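What follows is a short report on a single structure.
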Amino acid sequence: MSAEIKGLGMYVPPRVLRNNDLEKFLDTSDEWITKRTGIKERHIAEEWDRASDIALPAAEEAIKNAGLTPKDIEAVIVATSTPDMTFPSTACYLADKLGCDNPMAFDISAACSGFIYGLTIASSFIKSKQFNNVLLVGAEVFSHLIDWSDRTTAVIFGDGAGAVVISRSEGDSDILSAVMSSDGSQWFALHCPVGEKLRMKGKETFRLAIQSMGKASQKALEKAGITVDDIKLVIPHQANIRIIRALAERLNIPEDKVYSNIHKYGNTSAASIPIAMYEAYKEGKLKKGDYVLLTAFGGGLTWGAVVLKF
Ligand code: UT7
């Protein structure tokens, strides 16, 4: 029995904030942001948009693309650090908005690694025969947590949602291995106290991101019993183009096999990998039967990697 990714969906709010717009109210420049991060623009939700609002269109598209209806979904998981409320979970709101039939619903708080954690949980539900169809959404409105006078974080993050439906199947498309870790002693590197704004120690986070994603990726490949040469596409968390390039070098994989769309969306935290998967699939870079490596890193610290046959 396999856990197959059957449908993909994504949504970003229509409002675009370009580097030139940031120049108007921050001591920054398009040149600095492009060179240091690879980001050119990001999408920003309205003040009243909640995570479940932007998760909804992504989830609807993923369910439709899987050939299912919301009634077929038995578990709804939302990976988010910007939930609608402290409780109930964003997943409960989303399941209701979708018109699901009383599914299990809960959120994952693992910052930018939330989608990787979620994929592993969803796959375990499928393989233990608990459920046949699980919806997993990474949905973030980080713009609500940003101190718009802090140039070290305001230029980095964007809002968006990416969704996948993971279904039980008998084919060979499968989630083959997962490695997930955390180190709470490094919480201060990237955190957001309740009711306050996001804080990040960029340099430390940068260094730890490359190390941990590199190690997790190698372990996940070993666990899956394949090598980096078998991988058709690496889809890393989109935090910084320099991190992505350093990861490619560390894994000894050519840059054209490492997907990036950070220039369009910035860092959308738990949404970045499913948004990238969606676009890679639409662009024909991610195909059925391909071995794919996903890896992420974020606040917690948390990190992980997944190898799958798409
Ligand atoms: O998603 C979860 C994980 N998050 C990450 O992985 C983020 C990892 N970190 C990073 O991506 C990078 O560290 C940043 C993009 C945040 C910063 O890049 P950096 O190359 O590490 O810059 P820095 O913090 O060392 O700053 C270099 C200079 C400083 O000026 P001085 O001290 O050299 O005069 C900063 O004040 O750049 C300055 N600076 C800026 N200048 C223009 C910092 N932010 C900006 C800015 N515009 N937005």
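Nothing here was measured: the structure is a model prediction, and the numbers come from that model. Each ligand, and each atom within it, is numbered from 1 in the order the structure gives. All values below were derived from every heavy atom in this structure, side-chain atoms included, with hydrogens, water molecules and symmetry-related copies excluded.
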Kindly give the heavy-atom pair with the smallest separation between Tyr259 and Ala276, and that separation in Å.
CE2-O, 3.6 Å
Give me the nearest non-hydrogen protein atom to atom 9 (N) of ligand 1 as residue plus atom name, then the distance to 0.1 Å.
Gly202 O, 3.1 Å
Report the relative orientation of the aromatic rings in Phe125 and Phe106; use parallel for angles under 30°, tilted for 30 to 60°, perpendicular for over 60°.
perpendicular
Close-contact set for ligand 1 against Thr37 heavy atoms, below 4.0 Å
15 (C)
Atom 2 (C) of ligand 1 has as its nearest protein heavy atom Cys112 SG, 3.4 Å
I'd like to know whether NZ of Lys288 has more than 12 heavy-atom contacts from other residues, nucleotides or ligands below 6.0 angstrom.
yes
Look only at interatomic distance and state if Thr152 has a nitrogen or oxygen under 3.5 Å from any nitrogen or oxygen of ligand 1.
no
The answer for which part of Val155 has a heavy atom under 4.0 Å from ligand 1 is side chain
Is there at least one pair of N or O atoms, one from Arg36 and one from ligand 1, spaced under 3.5 Å apart?
yes
If you draw a 6.0 Å radius around CD in Glu47, do more than 12 non-hydrogen atoms from other residues or ligands fall strictly inside?
no
Nearest heavy atom to atom 4 (N) of ligand 1: which of Thr205, Leu208, Ile241 does it belong to?
Thr205
Indicate whether atom 37 (O) of ligand 1 is within a distance of less than 4.0 angstrom of some protein heavy atom.
yes
Residue and atom name of the nearest protein heavy atom (relative to atom 1 (O) of ligand 1), distance in Å to one decimal:
Asn267 ND2, 2.6 Å
Please indicate whether any nitrogen or oxygen in Ile156 is less than 3.5 Å from any nitrogen or oxygen in ligand 1.
no
Just heavy atoms, cut-off under 4.0 Å: does Ile33 contact ligand 1 by side chain, backbone, both, or neither?
neither
Taking Arg18's backbone N and O only, do any of them form a donor-acceptor pair with Asp21's side chain (distance below 3.5 Å, no angle check)?
yes
Judging by distance only, is a nitrogen or oxygen of Lys203 under 3.5 angstrom from one on ligand 1?
yes
Please state which protein non-hydrogen atom is closest to atom 6 (O) of ligand 1 and give its distance, to 0.1 Å?
Ile243 CD1, 3.3 Å
Select the closest option to atom 35 (C) of ligand 1 among Arg151, Met200, His237, judged by heavy-atom distance.
Arg151
Could you tell me whether Lys197 atom NZ has more than 12 heavy atoms of other residues or ligands within 6.0 Å of it?
yes
Is any heavy atom of the protein nearer than 4.0 Å to atom 22 (O) of ligand 1?
yes
Quick one: look up the protein heavy atom nearest atom 18 (O) of ligand 1 and list residue, atom name and how far away it is.
Arg242 NH2, 3.4 Å
State plainly whether the residues Asp53 and Arg50 are in salt-bridge range, i.e. N to O under 4.0 Å.
no
Counting only heavy atoms not in Lys215, do more than 12 sit closer than 6.0 Å to its NZ atom?
no
To the closest 0.5 Å, what do you measure between CG (Asp147) and OG1 (Thr153)?
6.0 Å
Is atom 47 (N) of ligand 1 less than 4.0 angstrom from at least one protein heavy atom?
yes
Numbering the atoms of ligand 1 from 1, which are under 4.0 Å from a heavy atom of Leu190?
2 (C), 3 (C)
Asp107 vs Thr90, side-chain hydrogen bond (donor to acceptor under 3.5 Å, both in side chains): CA-CA, chis, key distance, verdict:
CA-CA 6 Å; Asp107 291 356; Thr90 306; 3.2 Å; yes
Would you say ligand 1 has an N or O under 3.5 Å from any N or O of Ser29?
no
Just by distance, no angles: are the side chains of Asn240 and Arg245 close enough, under 3.5 Å, to form a donor-acceptor pair?
no
Ligand 1 contact on Thr153 by region, counting heavy-atom pairs under 4.0 Å
neither
Which part of Leu26 is near ligand 1, with near meaning a heavy atom under 4.0 Å away: side chain, backbone, both or neither?
neither
May I ask you to list the atoms of ligand 1 that are less than 4.0 angstrom from any heavy atom of Ala239?
1 (O), 5 (C), 6 (O)
Determine whether the side chains of Glu140 and Thr82 contain a donor N or O and an acceptor N or O closer than 3.5 Å.
yes
Can you tell me the protein heavy atom closest to atom 11 (O) of ligand 1 and the distance?
Asn240 ND2, 2.7 Å
Would you find more than 12 non-hydrogen atoms of other residues, nucleotides or ligands less than 6.0 Å from Glu31 atom CD?
no
Would you check if there is a donor-acceptor pair between the side chains of Ser167 and Glu4 at a distance under 3.5 Å?
no
For ligand 1, is any non-hydrogen atom under 4.0 Å from Trp32's backbone (N, CA, C, O), its side chain (CB onward), both, or neither?
side chain
